[in-house]
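Once you've had a glance at the structure underneath, I'll fire off some questions.
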Amino acid sequence: GVSFKPNGTVRIGVIGTGGRGGSLIENFSAVEGVQITALCDTVKDKVLKQQAWLDKAGKASHPIALFHSDDHAFENLVKRDDVDLVVVSTPWVWHTRMAVAAMKQGKHVAVEVPAARTIDECWELVNTSEATQRHCIQLENCCYGYNEMMVLNMVRAGLFGELTHGGAAYNHDLRSILFSAEGEGEWRRFEHLNRDGNLYPTHGLGPVAHYMDVNRGDRFDTLVSMSSISASLQQYRKEKIPAGDPRQKEVYKEGDFNVSLIRTVKGRVIELEHNVSSPQPYDRINLIAGTKGIFRDYPPRIYFDGARREDFETLDRYKEKYEHPLWKKVGELAKELGGHGGMDFVMAYRLIQCMKEGTPPDIDVYDAAAWSAPGPLSEASVANGSAPQKFPDFTRGKWQTRQPV
Ligand SMILES: NC(=O)c1ccc[n+]([C@@H]2O[C@H](COP(=O)([O-])OP(=O)(O)OC[C@H]3O[C@@H](n4cnc5c(N)ncnc54)[C@H](O)[C@@H]3O)[C@@H](O)[C@H]2O)c1
């Protein structure tokens, strides 16, 4: 809830200029009043490629500082006095370290998902953000999707009545990406070697947490989790990767399908799934239900108590009234730019709006910690026969008085 000095121009330093970093650079630099002033990656060519893109797009009228000497070059980027906001888009093991370094140098930081991989890292983010009074924003773009924002509006208008349960997932067939020779294939498959749980909880969970005012009137309390056997990556590898390839020797601990149940302090329940290994269509579930109705996504459909028909209907007849004002305002440009159907630009636009006005962001360090925590908590539950795990109260009691987004 900490406001800060408004920024006329928001000067951004980006750490990690790979696939996602490039897309974030494109979306942030499309927002008026943004300057990308510094770029960092361990691969020099990736930094140069982004610099060339900014140059060609006419967005490099100011000098851009480049860092690519080694794994710790980011420590020099975060020290610069021409950076207001640091964006972190690196492999997961680096997220917390980089976010903490940025805040300690007086910068707000926007970090890719998940912001943390362990409960200790979650606390490190919270403690550092509180001590430095700098914001740690988790870049959860799915909170800015068209359906998610419209449904949030409908929840606020009371259409679903008292909320009782939700559903969330990251079900995405990443097999070819996990075995690719570049990009995420260089690091993401390794997360499957020694971990078994929900490795990527925030895309599905963030929007449901917003519907339920988690950390702002309610709070995640307990989690139980179960994982299936690990089979699909081995099968895929057998079919697609040459016999002598060293990857044939890898042993994957991560089960193909992980399912967790989260109970909130107010007694609501969220079912949370993770599956990046099986052949399947993309699905974040995105379900919210209450005493008056239910919405579920993929495909989007809605049902309200008292409807004459017994089946779900589409969202169409609700769009005029409930389309979110942010989508009304920048939706056309967002769709033109295209990142994940436009949600990436809406997120960038909204975050820059907060940075310009000096107002607290929609997703703060308490959300970053609570939405990332199902990663380590599900691992602990799976390792202990699905035993319940308690969420720490990262807000230290403030969830009871914090106002909804
Ligand atoms: N929100 C979304 O929709 C979305 C989509 C894709 C990826 N992501 C997230 O974005 C992050 C990056 O993913 P990606 O797909 O771009 O992966 P990537 O492998 O393409 O990019 C990561 C980059 O980080 C660089 N890097 C690694 N260690 C570094 C260090 N110490 N200092 C500086 N740079 C370093 C790598 O060289 C690489 O260029 C991940 O956390 C991923 O989960 C989010």
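Both ligands and their constituent atoms are indexed starting at 1 by order of listing. Small disclaimer: the values here were computed from a predicted structure and weren't measured.
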Open item on the list: Tell me whether F67 reaches ligand 1 (any heavy atom closer than 4.0 angstrom to a ligand atom).
Closed with: no

Task: Lys/Arg N to Asp/Glu carboxylate O, D71 vs R97, below 4.0 Å - done: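 Salt bridge: no.
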
Task: Option of least heavy-atom distance to atom 4 (C) of ligand 1 (set: R97, R20, M343) - done: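 When every heavy atom of R97, R20, M343 is considered, R20 comes closest to atom 4 (C) of ligand 1.
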
TODO: Please confirm whether the backbone N or O of L39 pairs with a side-chain atom of H68, one donor and one acceptor, at under 3.5 Å?
DONE: no

Task: Heavy atom of the protein closest to atom 43 (O) of ligand 1 (residue, atom name, distance) - done: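 Residue, atom and distance for the closest contact: W92 NE1, 2.9 Å.
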
Open item on the list: Taking E182 first and then K46, would you say they form a salt bridge - that is, a charged N and a carboxylate O separated by under 4.0 Å?
Closed with: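 Salt bridge: no.
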
Open item on the list: Here's a test for you: under ring pair (Phe, Tyr, Trp, His ring centres under 6.0 Å), which of F295, F304, Y322 qualifies with F160?
Closed with: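 Checked F295, F304, Y322 against F160; only one passes ring pair (Phe, Tyr, Trp, His ring centres under 6.0 Å): F304.
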
Task: atom 44 (C) of ligand 1 [closest protein heavy-atom partner, distance rounded to 0.1 Å] - done: E112 OE1, 3.1 Å

TODO: Just jot down the ligand 1 atoms closer than 4.0 angstrom to any heavy atom of M98, in number order.
DONE: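 Matching atoms, with element in brackets: 30 (C), 31 (N), 32 (N).
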
- [ ] Quick one: look up the protein heavy atom nearest atom 20 (O) of ligand 1 and list residue, atom name and how far away it is.
- [x]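 Closest protein heavy atom to atom 20 (O) of ligand 1: G19 N, 2.9 Å.
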
- [ ] Starting from atom 21 (O) of ligand 1, find the nearest protein heavy-atom neighbour and note its residue, name and distance.
- [x]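 Going by distance alone, atom 21 (O) of ligand 1 is nearest to G18 CA, 3.5 Å.
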
Open item on the list: Can you list everything that forms a side-chain hydrogen bond (donor to acceptor under 3.5 Å, both in side chains) with S381? Sequence neighbours excluded, please.
Closed with: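 Scan of S381 (side-chain hydrogen bond (donor to acceptor under 3.5 Å, both in side chains), adjacent residues dropped) gives none.
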
Task: Contact atoms of ligand 1, heavy-atom distance to D71 under 4.0 Å - done: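 Matching atoms, with element in brackets: 30 (C), 31 (N), 32 (N).
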
Open item on the list: Tell me whether R175 is salt-bridged to E239, with the criterion being a basic N under 4.0 Å from an acidic carboxylate O.
Closed with: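 Salt bridge between R175 and E239, a charged N being under 4.0 Å from a carboxylate O: no.
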
Task: Atoms in ligand 1 flagged as close to H340, the criterion being non-hydrogen separation under 4.0 Å - done: 3 (O)

- [ ] Distance to 0.1 Å, residue and atom name: give those for the protein heavy atom nearest to atom 13 (O) of ligand 1.
- [x]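 Answer for atom 13 (O) of ligand 1: E184 OE2, 3.5 Å.
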
Open item on the list: Using heavy atoms and a 4.0 Å limit, tell me yes or no: is H203 in contact with ligand 1?
Closed with: yes

TODO: Write out the residue and atom name of the closest protein heavy atom to atom 26 (N) of ligand 1, then the distance separating them to 0.1 Å.
DONE: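 Nearest neighbour among protein heavy atoms for atom 26 (N) of ligand 1, to 0.1 Å: T42 OG1, 3.7 Å.
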
- [ ] Identify the protein heavy atom lying closest to atom 22 (C) of ligand 1, giving its residue, its atom name and the separation to 0.1 Å.
- [x]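 Nearest protein contact, heavy atoms only, for atom 22 (C) of ligand 1 is S89 O, 3.8 Å.
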
- [ ] Output yes when D367 and R216 qualify as a salt bridge under the 4.0 Å nitrogen-oxygen rule, no when they do not.
- [x] yes

Open item on the list: Salt bridge or not between K107 and D84? Use side-chain N to carboxylate O under 4.0 Å.
Closed with: no

- [ ] Return a yes/no value for R188: is any of its N or O atoms, backbone included, closer than 3.5 angstrom to an N or O of ligand 1?
- [x] no

Open item on the list: Within the 4.0 Å heavy-atom shell around D41, which atoms of ligand 1 are there?
Closed with: 23 (C), 24 (O), 25 (C), 33 (C), 34 (N), 36 (C), 37 (O), 38 (C), 39 (O)

Open item on the list: I'd like to know if the side chain of Y211 pairs up with that of N286 as donor and acceptor (distance under 3.5 Å, no hydrogens or angles considered).
Closed with: yes

Open item on the list: Closer than 4.0 Å to some heavy atom of H95 - which atoms of ligand 1 meet that?
Closed with: 41 (O)

TODO: Give the minimum heavy-atom separation between S230 and D256, together with the two atoms involved.
DONE: CA-OD1, 3.4 Å

TODO: Fit a plane to each ring of H192 and Y252, take the angle between them on a 0 to 90° scale, and name the class: parallel (under 30°), tilted (30 to 60°) or perpendicular (over 60°).
DONE: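 Correct class here is perpendicular.
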
Open item on the list: List ligand 1 atoms under 4.0 Å from V43, heavy atoms only on the residue side.
Closed with: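 In order of number, 37 (O).
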
Task: Any residue meeting side-chain hydrogen bond (donor to acceptor under 3.5 Å, both in side chains) with H172, in chain and number order, not counting sequence neighbours - done: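 For H172 the side-chain hydrogen bond (donor to acceptor under 3.5 Å, both in side chains) partners, ignoring immediate neighbours, are Y170.
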
Open item on the list: Minimum distance, heavy atoms only, to atom 40 (C) of ligand 1: which one of L199, T90, L77, D45 is it?
Closed with: T90

- [ ] Anything under 30° is parallel, anything over 60° is perpendicular, the rest tilted; go ahead and classify F391 against F220.
- [x] tilted

- [ ] May I ask you to list the atoms of ligand 1 that are less than 4.0 angstrom from any heavy atom of G183?
- [x]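 Close to G183: 19 (O), 20 (O).
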
- [ ] Please verify whether a non-hydrogen atom of W94 lies at under 4.0 Å from ligand 1.
- [x]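 Heavy atoms of W94 do come under 4.0 Å of ligand 1.
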
Task: Any N or O of V113 closer than 3.5 Å to N or O of ligand 1 - done: yes

Task: Interfacing atoms of ligand 1 (cut-off 4.0 Å, heavy-atom, K46) - done: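 Once the distances to K46 are compared, the set is 38 (C), 39 (O).
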
Open item on the list: Is the contact between N141 and ligand 1 made by the side chain, the backbone, both, or neither, using heavy atoms and a 4.0 Å cut-off?
Closed with: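 The side chain, only.
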
Open item on the list: On the six-membered ring of Y200, is R188 placed so that its NZ or CZ lies under 6.0 angstrom from the centre and within 45° of the ring axis?
Closed with: yes

Task: Shortest protein heavy-atom distance from atom 24 (O) of ligand 1, along with the residue and atom involved - done: P91 CD, 3.5 Å

